Amino acid sequence: MMTRRDVLKKTALSAAVLAVAALPRSLRAQAGAAPSGPFKLPPLPYAFDALEPHIDARTMEIHHDRHHQAYVTNLNKALAGHPALAKETIEHLVRHLDDVPEGIRPAVRNQGGGHYNHSLFWQMMKKDSSGQPSGALARAIDKHFHNLAGFKEEFSAAAMKVFGSGWAWLVLDDKDLKITTTPNQDSPLMHGQHPLLGIDVWEHAYYLKYQNKRADYVAAFFNVINWDFVGERYEKSRA
Ligand code: MN3
């Protein structure tokens, strides 16, 4: 049987729960969060488990919610006190590192590069990939790499030869398709190239499921490529 005191306690508790629930969602989300802005973590455009079994849900969750969030948080910290830079797009900052003061340039390069690369990376993958490019991109891949198998072979070899942490890319470089690699969180944008497709080969991208077997992760990646997105980037970059 509840005493009057129990009832009061229970009522007070329920009232507190209701008060929090009544807060607008935006305020609830901010409670206890790090100082926000100017850059924000973009939501993952699909569920954590959408790319299973090729990329596991736990890896996606940690990679997006913790690693990508850390790049955003640290970029925002670096830009505190630089209101003009804070108004630029992430693409502009990464492309024009020379305009960034030397004191914060390494942070913008690493954290800003990380934010830019990962923002692209999530969109470069999808559930139920078509498995192959179409249209103008398909024709360009056939021209430059003989066929899709030739492209996969060259892209995989590049991904495998990255020593330590970095990325392998398909880029548009002055109207030419090329495969390149970048160390750490450097972006092809820093070399005047347009990234079309990239694979993150930092161990955090695959270690939980694949451990040291990077080749298996790279092979699995071809099953989740969002070729529509890559094809659109190709046509926009060429225009
Ligand atoms: Mn990563």
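Both ligands and their constituent atoms are indexed starting at 1 by order of listing. Note that the numbering runs from 1 along the sequence shown for the chain. The shown structure was predicted, so the numbers you read here are calculated from the model rather than taken from an experiment.
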(request) Look at the rings of H118 and H68 and say which category their plane angle falls in: under 30° parallel, 30 to 60° tilted, over 60° perpendicular. (result) tilted
(message) Distance check, rounded to the nearest 0.5 Å: N147 atom CG versus K152 atom NZ?
(response) 10.0 Å
(message) To the nearest 0.5 Å, what is the distance between CZ on R58 and NE2 on H63?
(response) 14.0 Å
(request) Over all heavy atoms of both residues, which pair between Q111 and A70 is shortest? Give the atoms and the distance, please. (result) OE1-O, 4.0 Å
(request) Using 2.8 Å as the cut-off, note every protein N, O or S atom close to the Mn ion (ligand 1). (result) H63 NE2, H118 NE2, D200 OD2, H204 NE2
(message) With heavy-atom distances below 4.5 Å as the criterion, would you say the side chains of L177 and Y234 are in contact?
(response) yes
(message) Can you list, by chain and residue number, the hydrophobic cluster partners of F163 when the side-chain cut-off is 4.5 Å?
(response) none
